[in-house]
Amino acid sequence: METAQDQGFTAGNLQGENTFNMDQHRLEKLQKLTENNVQPYVNSFKIPFSIKEVSERFENTDGHELLEKKYTFTVAGRVMAMRQFGKVNFLNLKDRTGNIQAYLKKGDLAEDQYNVFELTDVGDFVSISGFVFRTKTGELTIYAERFSLLTKSLRDLPEKFHGLKDVEQRYRRRYVDLIVNDNVRNIFRKRSAIIQEVRNFFLSKDFMEVETPMMQPIAGGATAKPFVTHHNALDMPLYMRIAPELYLKRLVIGGFERVFEINRSFRNEGLSTRHNPEFTMIEWYMAYADYYDLMDMIETFVRNIAIKVCGTAKIPFNGRIIDLESPWKRMTMEQAIVDLGEKGITLEQLAEYDSARKTAEDLGIFINNSWGKGRIVLEIFENTVEEKLFDPIFITDYPKEVSPLAKSRKDNPEITERYELFIGGFEVSNGFNELNDPIDQKERFEKQVAEKEAGDEEAHAMDSDYIRALEYGLPPTAGAGLGIDRLVMLLTDSQSIREVILFPHMRPEDAG
RNA sequence: GAGCCAUUAGCUCAGUCGGUAGAGCAACUGCCUUUUAAGCAGUGGGUCGUUGGUUCAAGUCCAACAUGGCUCACCA
């Protein structure tokens, strides 16, 4: 049998280097185990039942019946706590489904197994076979008749009571965070459930799930700086996608009238509690629908997901309750500025460039000379209204100037048929009737290209193939994106996006 | 990119006016046959983020740097 020593992996030489700062006592135990021909890392171990299956089966069985019937099971998991009490020992075992207590008594176990147990630490993976009983306090417990070590852990877990709190260490060692902080585990379980519910909703509406390129020759579909990479064999630059939008609409043109993609996108911008360089969203496109249909869909599925995942549509967030249950408000951007923004602003002030600019400047908002009225109105909205939007609200009638891919209204070409959804003070979703006039689209791209040449790194590049695709004909289509990370933040009462991303981006630990 | 705050034992944290580094948990050694933040007695554990500076003397004061958090800017 190959031992740790054969692999040059001994306590002695690890202590000598001590590169990994492992616990010396654990290394000594590891060495003793290998000296006694006990595998500290077994190759394979299979168990028929999870801890939850065992504990749920007997949760209503009283102690007398358990002693009489002696139901015997094998469980496996990580040792989370050990309490020695004379010749008996209690340990808490944890697997993906839950916790159960085990009881080990010296003399009841074969001596060689008890010797292995004595070399076991909190953090090790073990398996225990025995019958189920209840302790004096009534706690369901496995009475160990067989014990084996499955995997030795060489590092101490954080303290049992306070756990791991240091935010930096929690993100850098998310695995430890997940081992000891059940609330963190639950956030990511909820995240997974939310994504499944989103997927199920669209599948149930006859949408097709697709995958489009993450590396693109032209990064389009949003206003954002892309990450750049390079393809060696083709000797060409490639951009990490900032949105899947233009590819998804090509698919609608190709006849897939209802498509969605749960996608990771990448934006080369600053980090914040609401921005991670890579983030997850869902985009969906639906032919023969308009942006009112999109708003109806979102309201339905977000409310239903909240009920399914949180058990209620009135969810706690940042010390308040967000009401997802009542019908969601819809309001035009200019009306929102008047009703919800700084007092004293009128619709008339927002109607013309000069008065809108003066209104903005009076509010201390910086105005670039190249901006038109639409951009100025958006700035006023973002500065005075956005953070106040706590309960869900759809803001509609976005200016054409800031909506290069949305269709203009027939009665007012400067306004697009578009909404943005705000919940909890930030944007969660954005959707609109898709611009399908290739000539109009080409003109808007050209305008963006001019802005790009003037120095705006976030302006759209010309995507000639997309124009060509539109020339074949895109049916009347509505499309939307919804930030999954932000939805998860809302439904888990997380104030930082990094709390809902398993491995948020960090600078290297050893920098400098 | 800017401002503010933090960094002390494996973890959670104290550390007063600048005067030789502390606690709890964890670990280790004993005792204890139904404990559960078990208990009792004892032991070991530190480059106080890094590098400079001031001072007789720095965890403590100053500066720079590193990492993180929050706020702002950019953005979804």
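The figures that follow rest on heavy atoms only: side chains count, while hydrogens, waters and symmetry mates do not. Fair warning: this is a prediction, and the values are worked out from it, not measured in the lab.
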Quick check: does any side chain N or O of [X] sit under 3.5 Å from a backbone N or O of [Y], one acting as donor and the other as acceptor?
X	Y	answer
A:Lys70	A:Val132	no
A:Glu427	A:Glu420	no
A:Glu401	A:Gly374	yes

Problem set entry | N/O donor-acceptor pair, side chain A:Gln101 with base B:U35, under 3.5 angstrom |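 Such a pair is found, so the answer is yes.
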Scan [X] against the nucleic acid and name what it touches under 4.0 Å (heavy atoms): base, sugar-phosphate only, or nothing.
X	result
A:Asn276	base
A:Ser265	nothing
A:Arg170	nothing
A:Asn430	nothing

Problem set entry | Nearest-neighbour nucleotide for the A:Arg267 side chain, B:G69, B:C28, B:A76 considered | B:A76
Exercise. Under the criteria of a ring-centre distance below 5.5 Å and an interplanar angle below 30°, is A:Phe85 stacked with the base of B:U35?
Worked result: no
Exercise. Considering all heavy atoms of both residues, which atom of A:Met281 and which atom of A:Ile242 are nearest to each other, and what is their separation?
Worked result: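 Heavy atoms of A:Met281 and A:Ile242 come nearest at CE-O, 4.2 Å.
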For this session: By nearest nucleotide on RNA chain B, pick out whichever of A:Glu269 and A:His162 is the more 5' one.
Result: A:His162
For this session: Counting Watson-Crick and G-U wobble pairs whose two distances are both under 3.5 Å, find the runs of 3 or more in a row that involve RNA chain B.
Result: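 Correct response: B:1-7 with B:66-72, B:10-13 with B:22-25, B:27-31 with B:39-43, B:49-53 with B:61-65.
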Exercise. What orientation do A:Phe58 and A:Phe73 show, parallel under 30°, tilted 30 to 60°, or perpendicular over 60°?
Worked result: perpendicular
